[in-house]
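The analysis underlying the following values was restricted to heavy atoms, covering all of them including side chains, and did not include hydrogens, waters or symmetry mates.
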There are 2 protein chains.
Amino acid sequence: MLTKGERRNQEIFDTAAHLFATRGYARTSIRDLAEALGMQKSSLYHYFDSKEDLLHRMLDQFMDQALERIESLCGQDLPPLEKLAEFMRFYTHIYAGDRDRLMLLVNDLDCLTPQRRMQVVAKQRRYVAVIRDILAELKEAGLLADLPLPVLVFAFFGMVHYTPKWYRPDGPVSPEELGEVFRQVFCHGVLQNGASKPGPEGA
Amino acid sequence: MLTKGERRNQEIFDTAAHLFATRGYARTSIRDLAEALGMQKSSLYHYFDSKEDLLHRMLDQFMDQALERIESLCGQDLPPLEKLAEFMRFYTHIYAGDRDRLMLLVNDLDCLTPQRRMQVVAKQRRYVAVIRDILAELKEAGLLADLPLPVLVFAFFGMVHYTPKWYRPDGPVSPEELGEVFRQVFCHGVLQNGASKPGPEGA
DNA sequence: GTCTATACTTTGATAGAC
DNA sequence: GTCTATCAAAGTATAGAC
């Protein structure tokens, strides 16, 4: 249960995320945000120290939430092939459902000062490491096609991180379906012929 | 052969593209650009009408160049499978070699007014149509996996358009290699098992 | 926690001489 | 084609009353 103050705080952050994602962080002024919330711009400084501090808090919180879910999922002791599939479905699902904040992460990370940016990047690296490790494990087992590993990692992130530019969760493809399509394309794409298997259906 | 004036013009546009790509269009001022070029900001307005006009000219010219190459390539009468492979290698190669302008296209298209933006988007749609038609042709022939076509199109664009965030042409992977990896991942990923074939090597 | 009022900086753009 | 000088607008942020 959130207190009244926490709800207001959340409302401000959500509105800011939406505005920043829609019009871009740099082109959205504090005045724009205040207007959207129906309050004075000076009042906003009660909730954050500066515009950049606001952006930083949003991104940092976003990374924490995503990381918690991803790392808990990957702590499970699954065969690497299933782990890969789970990671991709899960990752896509998280991000497809959080369009505003993914947009911020992809577009406006560079608006942070080096120190604040590094703090976020350090957390990003943790889930880059997750998928890199999974792929390395598959390579070890001879299941992976002979392709440069970093390129494969970024091919996947490219697919997912580009989604906010075109994808709408309320369109014909649900976030779950999207994750499944990405899984299928990527798994078939990077695994040795025959190593990828269909989903839980069949026999 | 370029005249002296044309060279100066090109120098200004190239410098602007690099600055905008590196620091973002919105956060790069006309003053920044003037300083980078060693001239006064007012002098720049001899070469364009406004900052937005500058951005628009860069993007529009970029699209024209890319389109010319892509459409000429796809006018050739090739089997759809080879056309797909050629498109992907070619598209990746063009964009991997033109990092600054791809970055602008992906990040800053929304900084244009609706009219100017639509002019660029209309050209974008032409090569979206190219790959959509190729995939539709493959589906018709029963070579494509049963997956939603628009998602496949954007999966590919996602891979390529994300490259400026991480890829360096002078790193261990050449633009040609990158195109080849993307081709392989995507073809294996979206084609029915066995439909994708290796490159020109082999018996 | 929200307001009014304001300080200070940077921005895009123009006028007009050379 | 480049310069000096300048403007009006918009930006972030702060001070201090309630």
Side-chain angles (χ1 to χ4, degrees), chain A residues 2-59 104 107-117, chain B residues 2-59 104 107-117:
Chain A
L2 294 171
T3 72
K4 200 169 163 185
E6 285 166 339
R7 262 214 314 281
R8 185 80 173 128
N9 192 77
Q10 194 59 46
E11 188 193 357
I12 289 170
F13 275 64
D14 286 347
T15 306
H18 189 65
L19 281 183
F20 288 170
T22 306
R23 303 150 65 163
Y25 167 79
R27 283 165 297 145
T28 306
S29 70
I30 295 292
R31 175 168 306 179
D32 292 334
L33 178 57
E35 271 174 22
L37 286 159
M39 64 197 296
Q40 295 300 315
K41 52 187 162 51
S42 57
S43 306
L44 287 168
Y45 286 87
H46 176 70
Y47 297 90
F48 46 79
D49 297 336
S50 68
K51 189 185 173 188
E52 193 215 329
D53 175 51
L54 168 61
L55 177 64
H56 177 246
R57 287 201 208 184
M58 290 192 292
L59 293 182
L104 283 184
N107 291 334
D108 296 315
L109 184 58
D110 294 334
C111 295
L112 296 177
T113 57
Q115 292 150 23
R116 286 206 176 94
R117 181 170 57 244
Chain B
L2 295 170
T3 71
K4 201 168 163 185
E6 286 167 338
R7 263 215 314 280
R8 186 79 173 128
N9 193 77
Q10 194 58 46
E11 187 192 357
I12 289 171
F13 275 63
D14 287 346
T15 305
H18 189 65
L19 281 183
F20 288 168
T22 307
R23 304 150 64 163
Y25 167 79
R27 283 165 297 145
T28 305
S29 69
I30 294 292
R31 175 166 307 181
D32 291 336
L33 177 57
E35 269 173 23
L37 286 160
M39 64 198 294
Q40 293 301 313
K41 53 187 160 46
S42 58
S43 306
L44 287 168
Y45 285 87
H46 175 70
Y47 297 91
F48 46 79
D49 297 336
S50 68
K51 189 187 173 188
E52 194 216 328
D53 174 51
L54 168 61
L55 177 64
H56 176 245
R57 288 201 206 183
M58 289 192 293
L59 293 182
L104 283 184
N107 291 333
D108 296 316
L109 184 58
D110 294 334
C111 296
L112 296 177
T113 57
Q115 291 150 23
R116 285 207 177 94
R117 181 170 56 243

Of the options [options], whose atoms approach the side-chain atoms of [X] most closely?
X	options	answer
Lys41(B)	dT2(C), dT2(D), dT6(D)	dT6(D)
Gln40(B)	dT2(C), dC3(D), dA13(C)	dC3(D)
Lys51(B)	dG12(C), dT2(D), dT2(C)	dG12(C)
Tyr47(A)	dT2(C), dA13(C), dT2(D)	dT2(C)

Could you tell me the separation between the [atom1] atom of [X] and the [atom2] atom of [N], rounded to a whole number of Å?
X	N	atom1	atom2	result
Leu33(A)	dA13(D)	CG	P	12 Å
Gln10(A)	dG1(C)	CD	C1'	18 Å
Leu44(A)	dT12(D)	CG	P	11 Å
Tyr45(B)	dT6(D)	OH	C1'	14 Å
Asp53(B)	dG12(C)	CG	C1'	13 Å
Phe48(B)	dT2(D)	CZ	P	12 Å
Asn9(B)	dG1(D)	CG	P	10 Å
Arg27(B)	dA10(D)	CZ	C1'	18 Å

Kindly say if [X] contacts the phosphate of [N], meaning a side-chain N or O under 4.0 Å from OP1 or OP2.
X	N	value
Ser29(B)	dT11(C)	yes
Arg31(B)	dA13(C)	no
Ser50(A)	dT12(D)	no

Answer yes if the side chains of Asp32(B) and Ser29(B) hold a donor-acceptor pair under 3.5 Å, and no otherwise.
yes
For the atom pair [atom1] ([X]) and [atom2] ([Y]), what is the distance rounded to the nearest 0.5 Å?
X	Y	atom1	atom2	result
Tyr47(A)	Ile12(A)	OH	CD1	4.5 Å
Phe48(A)	His56(A)	CZ	NE2	15.0 Å
Leu55(B)	Leu112(B)	CG	CG	4.5 Å
Asp108(A)	Leu59(A)	CG	CG	8.0 Å

Categorize Ser42(A) for me: base, sugar-phosphate, or nothing, with a 4.0 angstrom heavy-atom threshold over every strand shown.
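Base contact.
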